> 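There's a structure below that I have some questions on.
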Amino acid sequence: MLPYLPNFVQKSKSQTMPRQQLEKTYDPEQVEERWYQFWTTKGYFHASVNSQAPPYSIVIPPPNVTGSLHIGHALNNSLQDILIRWRRMQGRNTLWMPGTDHAGIATQIVVERQLIAEGTTREALGRQKFVERVWEWKAEYGDIIVQQLKRLGASCDWDRLRFTMDEGLSRAVREVFVRLHEDGLIYRGKRLINWCPRCLTALSDIEVEHEEIQGKLYHIRYPLADDPSIVLLVATTRPETMLGDTAVAVHPEDPRYNRLIGRKVSLPLTHRQIPVVGDPILVDREFGTGAVKITPAHDFNDFEAGERHRLPRVAIFNEHAQLSPTGLQNAEVEEGVRGRLVMLSVPAARALVVQELEARGFLAGVEPHKMALGKCYRCKTVVEPYLSPQWFVKIKPLAEPAVKAVEDGRIRLIPESWTNNYLGWLRDIKDWCISRQIWWGHQIPAWYCRNCHADLLHATKPDGTVIIPPEAKPIVARTTPAHCPDCSMGDFIRDPDVLDTWFSSALWPFSTLGWPEQTPELKVFYPTSTLVTGLDILFFWVARMVMMGLKFTGQVPFRDVYIHALVRDVEGQKMSKSKGNVIDPLSVMDRYGTDALRFTLASMASPGRDIKLATERIEGYRNFANKIWNAARFILINLEGPRSEAPLRERSLTDRWITSRLHRCIDSVNRHLDLYRFDEAANALYQFIWHEYCDWYLELSKPALADKGSAQAAHTRATLVETFETLLRLLHPFMPFLTEEIWQALPHTGDSIMVAPYPTANEAAFDDAIEREIGDVQKVITGMRDGRSVQGIPPSMKLQGVIRAAEDEARQLVEKHRDTIIKQAGLSNLTVGDMAIKYPVHAIIGSLVLSHGQLIEFSIALPAGTMEAAKERSKSRKEKRLSELAAQIEQDQKKLSNPDFVSKAPPEVLEKTRKRLEESRLEHEKLSQELQLLRAQP
RNA sequence: GGGCGGAUAGCUCAGGUGGGAGAGCGCUGCCCUUACAAGGCAGAGGUCACAGGUUCGAUCCCUGUUCCGCCUACCA
């Protein structure tokens, strides 16, 4: 235990310096690592499968192994850690399952870049060597993000750290693939998919980002084959694809064109003639010219139209999205143009085709047109629809139960407003393309018999990968098959594709717990309790986990899904390295401390709203940490002497007051955390600690502590320790390091604050009467301070005060607290009496109404000679207040003279209005008198 | 094109079930009052986007408008 003694204790013991000379500011740097070490060695993060306590579990959204902690991670994981620490302190058997994601495309890109820097390439290395290289890379850099999470204070169960490419998780992936295939929910087919010509792989629909751009709509003339005088005008945004057209569609009920259905047009720039077909689905009569070209190999709608009309598919682009020689040949493009077109990129091809069409009079017009452009979410390259054999998950049968689970409340989305989004997406979901043409990832467990496919398996890609044609028959199995079921030979080639990274992520909640084994972990911690995630991966990840969880465990993977917002910069812009507006959480932690960062993020996590983060805000919470630090210093300095064991009711009014307020704060924090209102919980803590505990309670406690030997001091010391220790526990989930550091220095029981019990509100401690009474005292003090502040009187100048009140009750209150008022309002003495007693000669006067409606008047004497200026300032303030009151009075009078209001408003509102009116009148009358007095004076 | 969210103090945002507008930061004034100048005390600052409606009463509920985000979509 000794090496972990906090700074407080070490310093005050090891050096004989007086306690007052403890560090004045909190230094997070030398605190954080020490306590994290301590927690880890003590094994506090580890969850037990043998515990009898009710479980609470969260699986981390696995960050990419290539990742470095960004502010989004910081938010996501701070919130998770708050929940986990809160529940752990509440006594739950808590598991926070950590891990990382192999991030197929992203990781492959990183390692490829490294190879290029070394002067070699992935292709030169070959698949096996390349994958080895990625593993080496992972071994070296893969846990950077893990270290960064630790820096953030994340209390993950690191003993259980997982990786999506681990053997266990890979086994789960294979198992799921095979079972889905057996159930007919996975199939292979040649279909049009989204293709990234830079990554050279297929992408799923949601991996395509749509960007609205100002494009052009081209009108092109297609003359009838047997009567060139008749021209069909088609409209397109992609004129270069016309070379691959295999039909033109018109609406069957469009009188302008329907007589042309069944005839043929000559496709410009080619030797081909293509049919005119009628298609009510594809064609919108209102749009463009009412006639559409059909290019089944390069457009999703056209692909489907092509199926309907059994049209041939002419693919003209290669995998790099360049016009391929064979494509152009198949398209029967005129020889003259073909030579100039070959190997051109899409934009170049478009320019040339348009130019050529125009030169020959086929171009009828160009108009501006807004359209959406699809881009690869990893590299931002424009995505092409590309015809190729791929693996798909038939998703509808999986989506339906996932819809139901949310509909019937087995899964709750928070905030609820995302529910419709989620449901809408799932109800309208399309099959999921899961194969990727990269090397890093889970290779698809499908094999092809070389013997049966002797003629089919010869072609290879430039990187040496064998091309498996769509008609090849896959054997899907958990391990390499021994014999071919058809020919019983044993020579196989494995499908070279790997699975979409999100395929393995979808299994995360149960694969990390050991599935398909029925492990104790799975029994205890599944379904998990809460998932905390950003809305950007609601579809990518959350929806798919629900589908897979239900399919393979029969249970939902989690009960609550808390969806937090994105972190943006002050301007509301998405943070990105290229814009240079990133706030790096690591440098924030260096500069302001981890606790300040965590508290900032928590306090800004309002539901359904993006977080616009400014460093000033973080600085503010760094100051908050320092404030707490100094409150702790104050308490430690004043701790000498016995502490009373007396029950609360025997303690002072202020002690009872702060206890009551503390328990309201406890109540508020717990309630808000229950509702995932991290912001409200954080704000309640901030408000209470700074503005009630420090600003008032610590100040009010000073006189009581002055006489160390007094019984009063013993009571107050006890209250200080009890309340502050409780407060630290209450704050711990938000600011784990600071609270541990201080807690260890305070009298406490237990080894660590992180396993101490979380405070619960004791309603018996709530005391309305005392809160009202102290509230009145605060009002009097503030009123008198205001008076002197307006006159610019320095705090060091003690003034004579007089308080008058007509009612005994009010005078008694003031008498009871006279010492407090004298001290806090900076008075030299205080005279209390009825309305007959005199004010000092040079005095400014004020008045206020107490909580029970009694009016009190007060005055503070000013130094001679300052009266003239003081009167003016005082006058204008009183005038202002007077007009406010007048407006208030008028408003309330109007209400109360309205018979509808009196008869229809609820009684308590009526009562409140009457009381307010009465008090306003009282104060108004008093103020008028004071003002008159001021005016009357020379 | 659909869907969702937002518009409240100079800035960033809170404001369960309608009943005297709040916080943080910033700003102004006075203060080094031995826990804290990363601080204390006090203060200024708002036709709650606009127009209607419901109601005794609307920042809150309803309708419409404008502007701004986000998600989604195959209108060539």
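Residue numbers begin at 1 in each chain, while the letters A, B, ... track the order of the sequences. None of the values given here were measured: they were computed from a predicted structure.
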> Does the gap between the ring centers of A:W690 and A:Y686 come in under 6.0 Å?
yes
> What does A:F539 touch in the nucleic acid at a heavy-atom separation under 4.0 angstrom: a base, only the sugar-phosphate, or nothing?
sugar-phosphate
> Can you confirm if the aromatic rings of A:Y693 and A:F724 lie within a centre distance of less than 6.0 Å?
yes
> Given atom CG of A:D431 and atom C1' of B:C74, what is their separation to the nearest angstrom?
16 Å
> Determine the contact category for A:L698: base if any of its heavy atoms lies under 4.0 Å from a base atom, sugar-phosphate if only primed atoms, P, OP1 or OP2 are that close, otherwise nothing.
base
> Taking atom types as modelled, is there a side-chain donor on A:K293 or A:T295 under 3.5 Å from an acceptor on the other?
yes
> Whole-Å distance between B:A23 P and A:E692 CD?
13 Å
> Between P on B:C71 and NE2 on A:H210, what's the gap in Å once rounded to a whole number?
11 Å
> Taking only side-chain N and O atoms of A:R677, does any of them lie within less than 4.0 angstrom of OP1 or OP2 on B:G15?
yes
> Phosphate oxygens OP1/OP2 of B:A44: is one of them under 4.0 Å from a side-chain N or O of A:K880?
yes
> Base, sugar-phosphate alone, or nothing: which one does A:T236 contact when heavy atoms must sit under 4.0 Å apart?
sugar-phosphate
> Under 4.0 Å, heavy atoms only, any strand: does A:Y621 hit a base, just the sugar-phosphate, or nothing?
nothing
> In this structure, how many angstroms lie between the C1' atom of B:C36 and the CG atom of A:N623, rounded?
10 Å
> Looking for any heavy atom pair under 4.0 Å, which part of the strands does A:R785 touch: base, sugar-phosphate only, or nothing?
sugar-phosphate
> Regarding A:E680, tell me which of base, sugar-phosphate or nothing describes its non-hydrogen contacts under 4.0 Å with the strands shown.
sugar-phosphate
> Where each pair must be Watson-Crick or G-U wobble with both distances under 3.5 Å, what dot-bracket representation of RNA chain B is obtained, with crossing pairs in [ ] and other-strand partners as |?
(((((((..((((.....[..)))).(((((.......))))).....(((((..]....))))))))))))....
> Would you please confirm or rule out a distance under 4.0 Å between OP1 or OP2 of B:A42 and any side-chain N or O of A:T782?
yes
> Is it the case that the side chains of A:D679 and A:S603 hold a donor-acceptor pair, with the cut-off being a distance below 3.5 Å and no angle test?
no
> Given the P atoms of B:U59 and B:G16, what is the spacing between them in whole Å?
14 Å
> Figure out the CD/C1' separation between A:E619 and B:G26, and round it to whole Å.
12 Å
> Looking only at non-hydrogen atoms, find the nearest pair between A:V234 and A:T289 and report the distance.
CA-OG1, 3.6 Å
> Do A:S204 and A:E207 have side-chain N/O donor and acceptor atoms under 3.5 Å apart?
yes
> Please confirm whether any donor atom in the side chain of A:K24 sits under 3.5 Å from an acceptor in the base of B:C36, or the reverse.
no
> Would you kindly give the NE2-to-P distance between A:H691 and B:G22, to the nearest whole Å?
15 Å
> Quick one: on RNA chain B, does A:P906 or A:Y693 contact a more 5' nucleotide (nearest heavy atom)?
A:P906
> Can a donor-acceptor pair be found between the side chains of A:D245 and A:Y222 at a distance below 3.5 Å?
yes
> Taking the same atom, C1', in B:A44 and in B:A37, what whole-Å distance lies between them?
22 Å
> Once you apply a heavy-atom cut-off of 4.0 Å, does A:R285 come out as touching a base, just sugar-phosphate, or nothing?
nothing
> Taking the C1' atom in each of B:A49 and B:G69, what is the distance between them to the nearest angstrom?
15 Å
> Identify whether any heavy atom of A:D284 sits under 4.0 Å from a base atom; if not, whether one sits that close to sugar-phosphate; answer base, sugar-phosphate or nothing.
base
> Rounded to the Å, how far apart are A:W418 CH2 and B:G6 P?
11 Å
> Counting any heavy atom closer than 4.0 Å, what does A:G290 reach on the DNA or RNA strands: base, sugar-phosphate only, or nothing?
base
> Would you mind classifying the nucleic acid contact of A:P899 as base, sugar-phosphate or nothing, using non-hydrogen atoms under 4.0 angstrom?
nothing
> Given atom CG of A:L373 and atom P of B:C75, what is their separation to the nearest angstrom?
12 Å
> Need one value for A:D695: base, sugar-phosphate or nothing, where a base atom within 4.0 Å counts as base even if backbone is also close, heavy atoms only.
sugar-phosphate
> Considering every strand and a 4.0 Å limit on heavy-atom distances, what is the contact class for A:K702: base, sugar-phosphate, or nothing?
base
> Quantified in whole Å, what is the P atom distance between nucleotide B:A42 and nucleotide B:C60?
33 Å
> Please check the phosphate of B:G20 (OP1 and OP2 only) for any side-chain N or O of A:R916 closer than 4.0 Å.
yes
> If every non-hydrogen atom of A:C694 is compared with every non-hydrogen atom of A:A631, which pair is closest and at what distance?
SG-CB, 3.9 Å
> How would you label the contact of A:T913 with the nucleic acid (heavy atoms, under 4.0 Å): base, sugar-phosphate, or nothing?
nothing
> Would you measure the distance from the C1' atom in B:C48 across to the matching atom in B:A21 and give it in whole Å?
8 Å
> Quick one about A:S851 and A:K779 (side-chain donor to acceptor, distance below 3.5 Å, no hydrogens or angles considered), yes or no?
no
> Give one of base, sugar-phosphate or nothing for A:S606, where a contact means two heavy atoms less than 4.0 Å apart.
sugar-phosphate
> Picking from B:U12, B:C36, B:A38, which would you name as closest to the side chain of A:N630?
B:C36
> Between B:A73, B:A42, B:G19, which nucleotide has the shortest distance from any of its atoms to the side chain of A:V909?
B:G19
> A:Y377 and A:F540: aromatic ring centres closer than 6.0 Å?
yes
